[in-house]
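Contents: one structure, followed by commentary.
All values below were derived from every heavy atom in this structure, side-chain atoms included, with hydrogens, water molecules and symmetry-related copies excluded. When a ligand or atom number is given, it counts from 1 through the structure's own listing order.
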Amino acid sequence: MPSKRKASPATKPESSSGSRKSKRLVVERPDPVVAQPSDSDFEPEPVLSSKKKSTRRTTAESSVVACQSESNDKKLKKPTVEKAESGVASPADRDFVSESDSATPSKKSTRRAAVKVEPLVDSVAESDFVEEEEVGGMELGSLKSLSISPSKRKPKRAEKVKDEECVLAGDPVPDAEARLKWPHRYNKGKTNGTKSLNGQDDPDQLIQAKCHFSRADVDGQIYYLEDDAHVKAADGEDDYICKIVEFFEAVDGVQYFTAQWFYRAKDTVIKSHDQFIDKKRVFLSEIKDDNPLDCLVTKLKIVPVPSNATSQFKENVKSNCDFYYDMKYLLPYSSFISLPPDTTSPVSSSSTISSDIDAGEVKEHNLEKKLLDLYSGCGAMSTGLCLGANSKGVKLVTKWAVDLNKHACDSLRLNHPETQVRNEYASDFLSLLKEWVQLCVSCSLIKGSVPPHPHLKVTDEVDEDEENDDVGEDSGDDKEGEIFEVEELLEVCYGDPKENNKPGLYFKVRWRGYGPEEDTWEPIDGLSDCPKKINEFVVKGFKANLLPLPGDVDVVCGGPPCQGISGFNRFRNKENPMQDPKNKQLDVYMDIVDFLKPRFVLMENVVDLVKFSNGFLGRYALSRLVGMNYQARMGMMAAGAYGLPQFRMRVFMFGALSSEKLPQYPLPTHKVIVRGVIPVEFESNTVAYDSVRDLELKKELFLGDALSDLPLVENNEPRDEMPYTDEPKSDFQHFIRMGRDGLLGSVLYDHRPLQLNEDDHQRVCQIPKRKGANFRDLPGVRVRPDNKVEWDPDVERVKLPSGKPLVPDYAMSFVGGSSSKPFGRLWWDETVPTVVTRAEPHNQTIVHPLQDRVLTIRENARLQGFPDYYKLIGPIKERYCYD
Ligand SMILES: C[S@@+](CC[C@H](N)C(=O)[O-])C[C@H]1O[C@@H](n2cnc3c(N)ncnc32)[C@H](O)[C@@H]1O
């Protein structure tokens, strides 16, 4: 029963990333201009750096007690950040970490409205960030700082706790037992290495106990340890939800309970994108707070749902509880992790679709792990994943790949003959998968909850002569009345292959008596006379894994293009990026995951996912995964930190079915120089070490490490293949030149550049061959003290033989004249920012250090980590398109 007493709001975890123990991407910060703001850069002095800082935790308006003290603050490298708008930090902003697998729990404070917040630094406009752009000065993330009005009031608890409505009840826990169970409460002055509440080591920060209890009486309700309860929040806010993990009387006589908090979805990183998540579903955090007893409002029934629970169990739970939880929410990398399985009562998870495939075959198949690469390009991501998995003994194979770019598909096919490469829209692929399941049901290949395909009725009594009856309607273009006979169905697709605005399921037909040049796409309803042919095709396709069925896929990987959030797009929909058709692929990607239910998901995307519109799409994607009952986490990794001579920071979202172990992020192996800016709230999502101490990381790779062994080629190099001329000069070169057979290759493919036109070639020829050279070094260009270019009035504008200017206007005006990228030469001792897919030198640094040309296809591919044996197909320009 809810209390009639008006309790004071409870202590809740405070907002933001501020209180995270600082993690370190393995970083050198040689250049304050381009480096990511360091922890100290964020220090909003003097708010958290002085003794005053601690007051915000202990003095917010009413009688809230926090566990942290000044000494904790001193440990922090980042400021605590709360939302300026409301003045109340939402649980989503909390950032004290207590994940067992990495970070150390940190501090917290009250969430009360009394916290007054003033902005310190305006948010960086997302549009300001273009990774490849020069950063003209230190940019700070969405940093706001606190100015606390410390309440001088002491907690009123002391008066209140003696109230008979609100007391610790029963006999105290025997002293020896209490000291054993909660040593941190009795250790004042001793540092025995025990982690205290929220992971702080300093016993001085903890409220010291006189004794512990195992129950309390609050408003006539008896609360026991491990009970779940509603806890009073600030007015207008939903009551907090907790598990009671301690009852104790402090040395000063005040009586407390310790709350371990449950988060609603909206309290997690998902924030307002909680529409995919059941309102009764909460997430158990590892965050704990001490609160006065009278914050308890009422008991709750919160039921844990183990990862092996049946759907029936889940349904029962939902209708018989206040809340339920099947996952923990851990702050590092915004992780949602399943509860362990209940081993005491084994419960089987029932699949909706079962295959009739022979059991022996299933066993065999299980040895191989199947991967679907969505938006595959020519397969960089899946190739890397499979190579990595194989090196660890996991036989991961790219079974299916989907991309709408024909040339990318051709390249993928060439290098992966084992892959069913589908050159189509991902949304059409999803429609096809749905139809395919129905076809398989029609052909009795699988049993499932879906009905058979409406256009395919296969009966056992197939007439021997049906072969001859399998005729399709003519396509209408041919001689009137002519009947064509179907010889064989060759392919299937969903879409509009005849381009007559009739999207649907189509088969490619080989007509009897006609050759491949007469093959046509025919809609399934036009083939209603040919059930046997369709049956044959489906059975063959099923056996050959032509298309994945739900439950078939081990891993879905891919980076759905979200051009609607790109920094290059000036018309981005900030309010609701998911209404922008340019971001639709994120939903298509998740819909495919939802349909196929792969065991693991790996989604990669640009950092704008967490930068644009307050991280809208990152939160949305996590919400979709968690809403589909996937465990999930989101981290950011820089390719350069793993041994590529390219920085390339990307977001990697992991998903895993609740029955699987959600993978951890691999930690960096190489030092990198951090570029770009990550919003403060997501800073701690950067995959990094907790400390750089004692780390022996490899030196970052430079352009020279990757390319110095490649033969000299000209701007007009015509050869697609040539011999290597030099031995590998670095470990990287040795590795990248190794063939599939583990031996060094002898033929070098694709070492030719996109040929510059004569004017551009002339321009490039005049760029000096030294580090940092670019169009600014050409005659007539002057650099002002503000680092912008202007024409030198004393120099007459130089013309090329064509009559065009040597220095084009677009170079002078690019990024308001502040860019040094046009016609920029790369240099041997540089890590490239991020390789782009356009090989033009007009607005990017892509010219070879010593040769008068842009990087070749092979050089570009090496910077991406493609092995030299990976051949690309298509026009030269298209062969660069593999990011
Ligand atoms: C950034 S690239 C992907 C690179 C790829 N992940 C790799 O590792 O090489 C994005 C790809 O998405 C493809 N694409 C864009 N929209 C698509 C759609 N609606 N359906 C399928 N592919 C699409 C593009 O053709 C492009 O190859």
Side-chain angles (χ1 to χ4, degrees), residues 131-132 371-389 396 398 400-416 419-433 493-497 503 547 555-569 580-593 601-609 617 637 639 642 644 646 648-653 750 834-838 857 860-867 870-875 877-883:
E131 189 179 298
E132 282 79 27
L371 178 131
L372 162 63
D373 188 354
L374 294 172
Y375 314 96
S376 60
C378 60
M381 194 175 182
S382 51
T383 302
L385 257 182
C386 292
L387 285 175
L396 183 64
T398 309
W400 309 274
V402 182
D403 197 287
L404 61 76
N405 182 309
K406 181 183 174 307
H407 303 295
C409 286
D410 288 344
S411 290
L412 206 150
R413 259 184 220 113
L414 179 73
N415 293 281
H416 293 276
T419 306
Q420 303 281 355
V421 181
R422 302 207 55 94
N423 180 203
E424 60 200 2
Y425 285 98
S427 50
D428 285 340
F429 175 69
L430 175 58
S431 301
L432 175 62
L433 294 181
C493 80
Y494 190 97
D496 188 18
L547 289 161
V555 184
V556 163
C557 77
C562 298
Q563 285 127 350
I565 57 170
S566 159
F568 294 106
N569 176 355
D580 185 337
K582 290 203 176 82
N583 296 328
K584 181 184 156 217
Q585 294 311 311
L586 182 54
D587 261 337
V588 174
Y589 183 93
M590 292 298 173
D591 290 345
I592 292 174
V593 168
V601 178
L602 169 55
M603 191 187 98
E604 173 258 10
N605 225 298
V606 291
V607 176
D608 281 324
L609 209 73
L617 290 195
M637 296 193 275
Y642 298 84
L644 265 199
Q646 179 187 172
R648 198 184 188 87
M649 178 77 104
R650 289 289 183 270
V651 173
F652 291 88
M653 203 172 277
D750 302 311
T834 294
V835 169
V836 287
T837 53
R838 292 159 296 106
I857 303 162
N860 217 40
R862 275 197 179 180
L863 297 180
Q864 303 282 75
F866 278 101
Y870 213 90
K871 281 172 77 174
L872 286 312
I873 288 191
K877 201 171 178 176
E878 297 286 341
R879 286 194 248 167
Y880 282 90
C881 292
Y882 36 67
D883 68 338

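Annotation for ligand 1: atoms under 4.0 Å from non-hydrogen atoms of P561 are 12 (O), 15 (C), 16 (N). Against a heavy-atom cut-off of under 4.0 Å, A380 is close to the following atoms of ligand 1: 7 (C), 8 (O), 9 (O). Ligand-side atoms of ligand 1 in range of M381: 7 (C), 8 (O), range being under 4.0 angstrom from any heavy atom. Interface of N405 with ligand 1, defined as ligand atoms under 4.0 Å from a residue heavy atom, comprises 25 (O). Numbered from 1 in the order shown, with element, the atoms of ligand 1 that lie under 4.0 Å from a heavy atom of Y425 read 19 (N), 20 (N).
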Test log, rule side chain to side chain contact (heavy atoms under 4.5 Å, CB included), inputs L371 and L385: CA-CA 9 Å; L371 178 131; L385 257 182; 3.7 Å; yes

For I592 and F429, run side chain to side chain contact (heavy atoms under 4.5 Å, CB included): C-alpha distance rounded to whole Å, both residues' side-chain angles, the deciding distance at 0.1 Å, then the answer. CA-CA 9 Å; I592 292 174; F429 175 69; 4.0 Å; yes

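Note that CG of L586 is 12.0 Å distant from CG of D580, once rounded to the nearest 0.5 Å. Here OG1 of T383 is found 12.0 Å from CD of Q864. Values are rounded to the nearest 0.5 Å.
Annotation: salt bridge (Lys or Arg N to Asp or Glu O under 4.0 Å) contacts of K584 (sequence neighbours excluded): none. Here D587 pairs with R624 under the salt bridge (Lys or Arg N to Asp or Glu O under 4.0 Å) rule; sequence neighbours left out.
Remark: distances from the non-hydrogen atoms of L404 to ligand 1 include one below 4.0 Å. At a 4.0 Å cut-off, at least one heavy atom of E424 sits close enough to ligand 1 to count as contact. The shortest heavy-atom distance from S376 to ligand 1 is under 4.0 Å.
Considering backbone and side-chain atoms alike, C378 places every N or O at 3.5 Å or more from each N or O of ligand 1. Below 3.5 Å of separation, one finds an N or O of D403 facing an N or O of ligand 1.
Aromatic ring centroids of H407 and Y880 lie 6.0 Å or more apart.
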